[in-house]
Amino acid sequence: MKYLIIGGVAGGATVAARLRRMDEKAHIILFERGEYVSYANCGLPYYIGDTINNRDKLFVQTVKGFTDRFQIDIRTRQEVTAIRPDKKEVEVHLLSTGETYTEAYDKLVLSPGAEPLRPGIEGIGSKKIFTLRNVPDTDAIKHYINTEKPKRAIVVGGGFIGLEMAENLHDLGIQVDVVEMANQVMAPLDFSMAAIVHQQLTSQGVGLYLEDGVSRFEEKDGGVTVHLRSGKQIATDMVLLSIGVRPETQLAKEAGLALGERGGIAVNDYLQTSDPDIYALGDAIEVKHLVTGKPALIPLAGPANKQGRIVADNIVFGNRKTYRGSIGTSIAKVFDLTVAATGANAKLLKLNHIDYISSYTHGTAHAGYYPGAAPLSIKILFAPENGKLLGAQIVGFDGVDKRIEMLEQVILRNGTIYDLTELEHAYAPPYSAAKDPVNMAGFVAENILTGKSRIVHWREIDQLPADTIRIDVRTRDEYRLGSIPNFINIPVDELREHLDKLPKDKPVIVTCAVGLRGYLAYRILVQNGFTNVRNLSGGYKTWSVATAGSCTPGDTKGTGFSCV
């Protein structure tokens, strides 16, 4: 059998290696238009920032090593320019000579990936404007930094790669500003959780321009001036475009293969395209989102590698393995913070008309009495009718990765918030608490669903009726350090002494630092005849961060933290 693979990075290289392990006699040809195969795409920002200081470590396998071990015919700098399914052949362009030739196949695998968006903005052709997708892009950025010694950089786009690049450029001593058209960075997060990331960025001296886009670029005074739609202008020495990616589908489209509603290559459960002899995987395909049930584009390395294994097995043994879909579990380092998300966020649930309740909890990564306990914030989203877990987001400094994976497994198994209360975790004071933060998220959600607590969210505070009694139950010292406007201070330990002074015929909102003492106050009130009481989910911490606003250089108004 003769197998052709188009694309030699994560998914394509996985398919090739697995095919050889399963079929020693097969003729396997891998086409890669670039010079390199099987490299660590996700490690590229860290090489630029000198965290990874040896370029060779980026390569999982070299062409020679791959060929020697797996006896695969790897053809780099050769671009497949056409697929002819009726003839079961492809047309190949040799980039070194300009010649073309055809190659026949029994089975074909498409793993072309996704390409960075580079819109037609005036001035975008400047040599000082970069995108980051592959090793040559990395080398170009690294060379520019080493030779031109830029002092300032603009990152356009606040996604995972954009923020990883912001951190790594900052680590090189470059002043960095991030420009993002949305009102937040990191789209998988909801705004309230992204606000914690905003705070982290600005505390590190990163300028943050939210709800603003680029209107044009202008080469000026040896650098680039970035003109924003707001009218602001930022002078910089280099620009990194990171405004998203789109699946590379041109080959598939021209070959007559079906595309999905999101613009990716359509595949069935076996990862076959509309042509049964052509399989596809990775960033170029549409998969089922396992929470919404709808097609989604999920350009992540983990799913691509798993899909590669399934494709290879289905080619060799017939269609036996299916790919269920993905919930888009992702994680990133943003300076000292770790940021992770899984499942659906509020925006996606609203878009798909899925009812949900959300809940915030703030704790620490391990036992509070053990030194070094750092904050850990969790938001979960769950179905109001049965508590089915729909999504989760975590922002913290330690232990984020293991918690997001605990939550991910519950979502994948159609579990509920009640499962969170029963999760048995490995506990010792340096690693967790007897009641893990994931358990606590479950306990809080269970209280909401079973009617033991009613909540109000930070967005609703400004819309409360004028006659609402607003009570902050923190200590007086905490209250003096900052409070929500119009909230009076009655510490929870003194609340029972003031019950006779509070009207029972008016709505009451209680809050504390993170929600726990607010819940205690709620229980005191409702068991003493107060019938319209709600507790602020996530407490003052969630409200204060979410309402802080964005921060741009020289502007500290309303932020609660310093800007450069």
Side-chain angles (χ1 to χ4, degrees), residues 1-19 22-23 26 28-32 41 80 82-86 88-90 105-115 244-330 343-344 348 352 412:
M1 296 289 283
K2 186 176 181 182
Y3 309 133
L4 304 187
I5 303 166
I6 300 174
V9 190
T14 297
V15 173
R18 179 72 172 176
L19 281 173
M22 298 299 103
D23 188 349
I28 305 169
I29 304 174
L30 187 152
F31 297 99
E32 169 55 50
N41 219 317
V80 175
I83 302 169
R84 302 188 183 104
D86 55 332
K88 297 188 72 171
E89 67 179 21
V90 300
Y105 64 83
D106 293 305
K107 301 288 182 182
L108 175 65
V109 178
L110 300 181
S111 183
E115 60 181 341
V245 297
R246 62 183 167 208
E248 287 215 24
T249 59
Q250 191 65 26
L251 263 180
K253 184 178 180 181
E254 291 176 353
L257 302 180
L259 301 185
E261 61 184 70
R262 299 297 308 279
I265 301 171
V267 295
N268 62 17
D269 291 347
Y270 301 108
L271 299 173
Q272 279 175 306
T273 68
S274 53
D275 184 309
D277 291 319
I278 303 177
Y279 291 74
L281 69 150
D283 297 356
I285 69 169
E286 289 187 6
V287 299
K288 180 194 293 184
H289 194 290
L290 293 176
V291 173
T292 67
K294 301 289 182 62
L297 297 170
I298 301 180
L300 296 170
N305 278 279
K306 295 173 183 67
Q307 291 160 12
R309 185 181 178 92
I310 291 170
V311 164
D313 284 0
N314 286 341
I315 287 175
V316 175
F317 303 114
N319 289 339
R320 299 179 184 177
K321 289 188 175 180
T322 59
Y323 184 73
R324 292 190 300 160
S326 174
I327 55 174
T329 304
S330 55
L348 185 59
N352 287 277
L412 281 175

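For the single chain, residues carry numbers from 1 onward in sequence order. The shown structure was predicted, so the numbers you read here are calculated from the model rather than taken from an experiment.
- The closest donor-acceptor contact from the side chain of Lys2 to the backbone of Asp106 lies at 3.5 Å or more, if one exists at all.
- In this structure, Gly263 and Thr249 approach most closely via the heavy-atom pair O-CG2, 3.4 Å.
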Side chain to side chain contact (heavy atoms under 4.5 Å, CB included) between Leu348 and His289, intermediate numbers included: CA-CA 11 Å; Leu348 185 59; His289 194 290; 3.7 Å; yes
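- Counting all heavy atoms, side chain and backbone alike, Gly264 lies closest to Glu286 at N-OE2, 3.2 Å.
- The two residues Pro299 and Val245 come nearest to each other via the heavy atoms CG-CG2, 4.1 Å.
- Met22 is listed as a side-chain neighbour of Asp313, based on a closest heavy-atom distance under 4.5 Å.
- Here the closest non-hydrogen pair linking Asp277 and Lys107 is OD1-NZ, 2.7 Å.
- Checked by atom type and distance alone, the side chain of Thr322 never pairs as donor or acceptor with a backbone atom of Arg324 at under 3.5 Å.
- Listed here is the closest heavy atom pair of Tyr279 and Thr273: C-CG2, 4.0 Å.
- Gln307 places no side-chain N or O within 3.5 Å of a backbone atom of Leu281 that could act as its donor or acceptor partner.
- Taking each heavy atom of Ala312 and Arg18 in turn, the nearest pair found is CB-CG, 3.2 Å.
- In the displayed structure, Arg309 atom CZ is contacted under 6.0 Å by at most 12 heavy atoms of other residues, nucleotides or ligands.
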